[in-house]
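Report on the structure given below.
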Amino acid sequence: MNEARLKAFEDMLSVILKKYDETTERMSELKASGKEKTVTYKQLFATKLQLQAMLTYYQTYGLLDDKT
């Protein structure tokens, strides 16, 4: 695999991890405000599930560090 492609995979993983953290943080804020039944919360939940699935693929193929 060439360096540019490896860099692209690393960049993608970084973005997914950042978005996952942002999504869970926003969900926590909404939950603390008692807004778990809002459309926004449900959309964030769906996004979180998608990101989890992507991270699972990274982990399955050994592309996710243990520390991440």
Side-chain angles (χ1 to χ4, degrees):
M1 184 174 346
N2 66 31
E3 291 295 317
R5 189 168 179 192
L6 177 59
K7 174 86 169 88
F9 278 109
E10 292 291 335
D11 291 346
M12 182 178 165
L13 174 58
S14 177
V15 169
I16 291 170
L17 288 169
K18 181 180 177 189
K19 287 189 177 284
Y20 182 83
D21 290 342
E22 290 171 351
T23 300
T24 55
E25 183 178 326
R26 181 72 178 122
M27 287 177 70
S28 294
E29 292 169 1
L30 289 171
K31 188 172 185 176
S33 300
K35 298 181 179 179
E36 306 97 314
K37 296 187 188 264
T38 63
V39 171
T40 301
Y41 186 89
K42 292 175 184 181
Q43 289 172 333
L44 289 169
F45 184 76
T47 298
K48 181 181 173 184
L49 290 178
Q50 290 175 323
L51 294 169
Q52 279 179 332
M54 295 173 81
L55 290 170
T56 299
Y57 279 115
Y58 269 97
Q59 188 173 29
T60 299
Y61 288 94
L63 300 170
L64 191 63
D65 294 337
D66 290 334
K67 62 184 177 192
T68 8

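Computed from a prediction, not measured in an experiment: that's the story for all the values here.
With hydrophobic clusters built from ILVMFWY side chains whose heavy atoms lie under 4.5 angstrom apart, I16 shares a cluster with Y61. By the criterion of side-chain heavy atoms lying less than 4.5 angstrom apart, applied directly or through intervening Ile, Leu, Val, Met, Phe, Trp or Tyr residues, F9 is grouped together with L51 in one hydrophobic cluster. Neither V15 nor L17 shares a network with the other; the hydrophobic side chains, linked directly or stepwise wherever heavy atoms of I, L, V, M, F, W or Y lie under 4.5 Å apart, form separate groups for each.
A pairwise comparison of heavy atoms in L64 and L55 identifies CD2-O, 3.9 Å as the closest pair.
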Using the salt bridge (Lys or Arg N to Asp or Glu O under 4.0 Å) rule, take E29 and R26 through it: C-alpha gap first, then chi angles, then the decisive distance, then the call.
CA-CA 5 Å; E29 292 169 1; R26 181 72 178 122; 3.5 Å; yes

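Applying the side chain to side chain donor-acceptor pair (under 3.5 Å) test to pairs two or more places apart or on separate chains, those with a residue in residues 41-59 are Y20-Q52.
If you take CE on M27 and OG1 on T23, they are separated by 8.5 Å, rounding to the nearest 0.5 Å.
Judged as a side chain to side chain contact (heavy atoms under 4.5 Å, CB included), and not counting sequence neighbours, the contacts of T40 are L30, T38, L44.
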